[in-house]
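A short worksheet on the structure shown next.
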Amino acid sequence: MLKNTGVPDEKDLASVTPTKKRLEEGPVVMVECFQEIPCDPCH
Amino acid sequence: MRIKDHPILSSQPARTVTFTFEGRTLEGQEGEPIAAALHNAGIKVLRHSPRLNRPRGFFCAIGNCSSCLMVVNGRPNVRVCVTPLSQGMKIEYQEGKGNLDVED
Amino acid sequence: MLKTDVAIVGAGPAGLSAAIKAASFGADVIILERDKWLGGQLVKQTHSFFGSKNEYAGIRGIDIANIFADELEKMENVQIMLETPALGYYEDNILTAYSPQGKMLKIKPNTLIFATGAMEKMIPFENNDLPGIYGAGAVQTLMNVYGVVPGENVLMIGAGNIGLIVSYQLVQAGVDVAAIVEALPEIGGYWVHASKVRRMGIPILTNHSIIKALGKEQVQGAVVAQIDEKWQPVKETAREFQVDTICLSVGLSPLIELLWQSGCHIVYSKELGGYVPILNEDLETTVPGIYVAGDASGIEEATSAIIEGHLTGCAAAKKVGYEVPKEEFIKARKGLESLRAGPVSQHIRKGLSLIRR
């Protein structure tokens, strides 16, 4: 787990991966933002 | 040891000064804390604790912790982590709590 | 004797933003700072800040210090006194300080903002007093302010934001980081910082603790072991790291000595890092006219310190009689609220709920 080791595992990745339906619709941006932190510049 | 290449910081050239530590002549940069100059010269032990004689080094760097008290130009209990280095300074280890040169 | 509307102790992010705010409404301000520079700990923060765009997110801490300094330079009603530590505040409303020329100064302020910051915590282990063991802040100062590295290889204790960020900065300065050791089961800092140091090959050992430092006159190594849920070392998990430096980033405590001495009501808060003052919604202590901003009121980070500075700057100016629009207060309070809204700030919310009056 990312929160224990600093390395994202499959479960972590699944949490930010778009739905299968969305993936089938075509290319999509995937944001590797695993954690909600007090940070807004990219909003 | 001084940082030579750094991706973000650039060092401003400072005047090199000489000072003595326990009689040894060393070089440092004018205005940097005495402890930084000693560190750069590889000197990590800054004093020994008064009761158990344990070695003490640089710990907080902001003048809070009293780990770095030394005798500077004859004056004891100087916090060398926040005291700027100048040309010709005489730095020595402190005995115990340090003694001021006063008449009894 | 000097007289002023607002005296501010500490020129870090909280003190400087308080000064700018109070002065912008017309108040005369004196800033007392024990160091030689403005910016407090910002001057060693070589990394870009997170937080809100309104409070300089995306800018490096060192550059934020310069932005504040430039702004203050333009303000005629702000007097900055560097290398001038504040010593005490007394019943007759006199604040005493020590000038760089070695003279005692007396200042009579109408209001006072303490923005004194924090100091590093220590943890117990065998030989924890050996030279070569530093606070993480000290390593940052030595390295990023004075350009001297602490050693050749470092063991970092603590995987909070400071431990993670300083590990990265050590690598930038050409120093090896052997591992980051964290006693808790989870990384305390932001995972994005953790991933960044992991990508550089630095292991993060959660559920591990330092057992002892090795060496006689200075650090020559460290023994680390896995710990169980009762924080006891697990048998046969001890291993040795060959390092010449141990860096402690195990939390900060608010610096509140002047608040104690001034007679402010102080309580203990585990969540906020130690002894903290009881404050009202303007961050005013139980002594009327004394305000607290930044880490001295509870450990958070620079962005909240900046907004708390704004809030106390507004409150102090208003107290003295200057006109301060209500919207200024609302904006600052909302800023703090949104900063503390997320899951990573849960402990801050809990701590504050217990000490606000």
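Not measured: the values here are computed from a predicted model. Both backbone and side-chain heavy atoms feed into the values below; hydrogens, waters and symmetry mates do not.
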For chain C, which residues from residues 8-22 of chain A lie under 4.5 Å away (heavy-atom distances)? none

Compare all side-chain heavy atoms of C/S195 with those of A/L2 and state whether any distance is below 4.5 angstrom. yes

Neighbour count above 12 (heavy atom, 6.0 Å) for A/E25 CD: yes

I'd like to know whether CD1 of C/I210 has more than 12 heavy-atom contacts from other residues, nucleotides or ligands below 6.0 angstrom. yes

State the CE-CH2 distance between A/M1 and C/W191, to the nearest 0.5 angstrom. 7.0 Å

Are any non-hydrogen side-chain atoms of C/V344 and A/E36 less than 4.5 angstrom apart? no

Which donor-acceptor pairs under 3.5 Å do the side chains of residues 196-206 of chain C make with protein atoms, sequence neighbours left out?
unit_1, atom_1, unit_2, atom_2, d
C/R198, NE, A/T5, O, 3.2
C/R198, NH1, C/I202, O, 3.3
C/T206, OG1, A/N4, O, 3.0

I need the minimum non-hydrogen distance between C/Y190 and A/P38, along with the two atoms involved. OH-CD, 3.3 Å

